Amino acid sequence: MLHEILLSLAGNPSPLLRAHNPEASHFAGITPPERQLLATAGHLSELHIKLIAETAEIAASHPSIICRATATGIRSVQLAAFRKKILQVEESILMDDPDIVGAYNIVPLTALMAEFKPWTRRLEWLWELVQFMSRMENGREMCHSASLMNRLREDLQSGYQDVGETALSLVTIAETAWVKQVSAWILYGRLPSFGGSDFFIRKLEDSGEEYTCVAALLPSFVTPATASSMLFIGKALNHPQVKRILQTGTRGLDHVSTKLNELTRLTFPLQSGNFSRAITNIRSSLAENTLQKILPRSRVVSTLQLLRDFFLLGRGEFAMALTKEADDKIRNRWRRAEKLAYEKADNLKNITVKDGEVAAVLARTWAVLASMQGQHAEEDEQLEVARDLLRLQLTKSSIMQLPVGTRLSNDSLNLLAASPFRNLLFSVPASLAIDLPSPLDMVLSPSDLQLYSHINAYLLAMRRAHIRLTDLWKITSLRRHHPAVGGADDQAVLLRQRWSARSCSMRSSWTTASAAIFFLGETEAYLQTEVVAGLWEGFHAWVTGRDVKDGSMVSTTSSAGLPAKLPAGDDSNADEEEDLWLPNKKNQSEQTAAASPPRQLSSHSPHDPQTLSAAHGVYLSTLIHRLLLTQPSFTQPLYALLVHIDHLISHVHRLHSIFTTIDLEDDAGVVDAFVDSEREEREVKAMLRVVERKVKTGIEEVVAALRALESDDAFMAEWEEAGAADDGVGRGGVGEGVGYLPARVGGVNRLLMKLDFGTWLSPVDEWKRP
């Protein structure tokens, strides 16, 4: 019987210890206490047998490599230790150990089972762990590596020493296997060939070399910033230019050995701080030894300056020329359609605009900007670069990916994707885009460029409305009367009476246009001067290593001291350029002296691409929030107002053409039998009165939306949070060591104070008077 018990504990099923048959004949001479002890032995035997079978199944077929390694560890370490204990007990019995063998060589069942008592809780815990690895989650997939490691880490704090020791052994095995997977990614940029569905890095389908991080597959000790760093390292290693550098000479071996030194110093269980520091050191090593050769500082700064000048309307002449060329193109296409009644004006949206025509508008815009320089002006290298990279296109998709490092929620991104401001330039969705050359995609992701396109459409829509309204004052015949020579004859009196009547009928139109110009002027001044320029100066100072002096931002928006031409690539002078990743006091001082007034250099170290990308994401998301683009209560009435302003301008132009036709009929006798000018004049004036009220009501609604935002506690709390960070953005959760803190600029109350100076703000009921 003793031999039967030991064999059954070792994993051999025995009918003696079957709990379901306690009344069998071989139990006839066994007392109830002994039966209880045998039930305990049977429980251990059953757990051992089930653990052997289940761990073998997991080790052979589980989709997670980490779960397979853990199951193998249970078999080879924990169950092997249990079997070794059985052999030790058997050896003690054979050697008549007095601790187990009593008088007359009798082995008490109590003493025997006391030797295995510590294993009861341990095997029960192992069985629970194996069941956790085997069960299906959400009815779809089995346990993944992150949930297993998190479970093991939680059991380290169970309070039982034996369970804690077992969990420590298994968590070491699991995390060692996980680090091996990670090392393949951060050493060579390779995804696991087996078990890739369990790894937190995924390659996006139909996206070339685009990768994403699945947060649900990250263990608890990996912070979002560390995950972002690992994603960046692997993406950088997969970059073609980086591959070429690593494959030449011994640089690749040095690169791998540096990373291996960092990984071999890790201890298990992994500590979040130590692991984060190791990844940060690996990322810095990659930047210093490799990325500095392909992405110099001047190239990054000049690209950011280009985005500031053309997407954020830093160069006002670009917005003016683009608006004029687009209006000319559309005016030529809808010249006949303008004769439709105001109630049918929506039919204008059905005018087909082709991609080639949109591209031609941008080409003519570049020609206009080039002609503005004059024959003897210095060559504008930035303009030439923009001509090569920028493109104007019809928008066919509104799908947006979540930018790395952004603070925008999915709801905010959906609001941006549905933004209607891109419909105003051509009456169909069109946006400005840029094709960035490699390797700038390490800093600026495609989703970042989509955000720039949406900001550009928003700012350009207001600038376009402002420009078109001010152009109405160029129609001299509508606002000024030139007396005829002689001055007192009947013709002069008739002309003066005609102009006086028209001037009186147009007075409300000029008043409405003036009110809209004041509103747009103050709103644009606030958005451009306080928000866009303020945030850009702070971010530009952070990128270039300059500080704020005397509590105010040092203006660095001038491109005179910056090389606007994007370098072609890795040339022979790359080592001589000031580098973004390595400190170079000489180059810093030379560029500082050439840029304008003396500036104080900051104390923080230069930034690697991942740090710069994370900080740029913070800058961009803060800019979007400060521009109120994520507030539909403001953007929706603003868009409606811009549409009404377009209608107002269209009707004024139409009325001017009618006045010209009437003057030709009355003064020169040129009569069009198919046109009833007087009837059209009455109809257009009636529609003009309607749209005037809509414009004035629209202004009031936008101002009311601003006042509602000012009194919204949730919005104001979010506003304050958008410009704050916990001891630097890097330690606030976006990226380790970033240290970029967005400037506290703007404020809805400041815009409202400017708008309150307008005397045109009167009750809506007064505007509705005929």
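Everything numeric in this text was worked out from a predicted model, so none of it was measured.
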R190: which residues meet the salt bridge (charged side-chain N to carboxylate O under 4.0 Å, His left out) condition with it, sequence neighbours left out?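 R190: no salt bridge (charged side-chain N to carboxylate O under 4.0 Å, His left out) contacts found.
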
Do [X] and [Y] have side-chain heavy atoms sitting under 4.5 Å apart?
X    : Y    : value
R422 : Y458 : no
I282 : L263 : yes
F200 : V182 : yes

Set of side-chain hydrogen bond (donor to acceptor under 3.5 Å, both in side chains) partners for [X], sequence neighbours left out:
X    : value
T523 : none
D355 : K396
N274 : R277

Tabulate below the donor-acceptor pairs under 3.5 Å that side-chain atoms of residues 312-325 make, not counting sequence neighbours, or state none.
residue, atom, partner, partner atom, Å
R315, NE, E317, OE2, 3.1
R315, NH1, D380, OD2, 2.8
R315, NH1, Q382, OE1, 3.3
R315, NH2, E317, OE2, 3.3
R315, NH2, D380, OD2, 2.7
T323, OG1, A319, O, 2.8
K324, NZ, D328, OD2, 3.1
E325, OE1, R364, NE, 3.2

Looking only at the side chains, is there a donor atom on one of T223 and T226 sitting less than 3.5 Å from an acceptor on the other? yes

Compute the centroid of each ring, for F634 and then for H625, and state whether the two points are separated by less than 6.0 Å.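 No; H625 has its ring centre 6.0 Å or more from that of F634.
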
Is any NZ, NE, NH1 or NH2 atom of the basic residue among K235 and D441 found under 4.0 Å from an Asp or Glu carboxylate oxygen of the other?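 Not counted as a salt bridge, because no side-chain N and carboxylate O are separated by less than 4.0 Å.
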
Are the charged groups of E530 and K754 less than 4.0 angstrom apart, N to O? yes

Y619 and F539 aromatic ring geometry - parallel, tilted or perpendicular at 30°/60° bounds: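 Ring orientation, 0 to 90° scale: parallel.
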
Would you please classify the geometry between the W536 ring and the H540 ring as parallel, tilted or perpendicular, with 30° and 60° separating the classes?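 Correct class here is tilted.
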
Would you say the side-chain atoms of [X] pair up with the backbone N or O of [Y], donor to acceptor, closer than 3.5 Å?
X    : Y    : answer
T470 : H466 : yes
S453 : L449 : yes
R391 : L432 : no
S613 : P609 : no

Mind checking side chain to side chain contact (heavy atoms under 4.5 Å, CB included) for T212 and listing every partner two or more places apart, or none if nothing turns up?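 T212: side chain to side chain contact (heavy atoms under 4.5 Å, CB included) contacts with R202, L204.
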
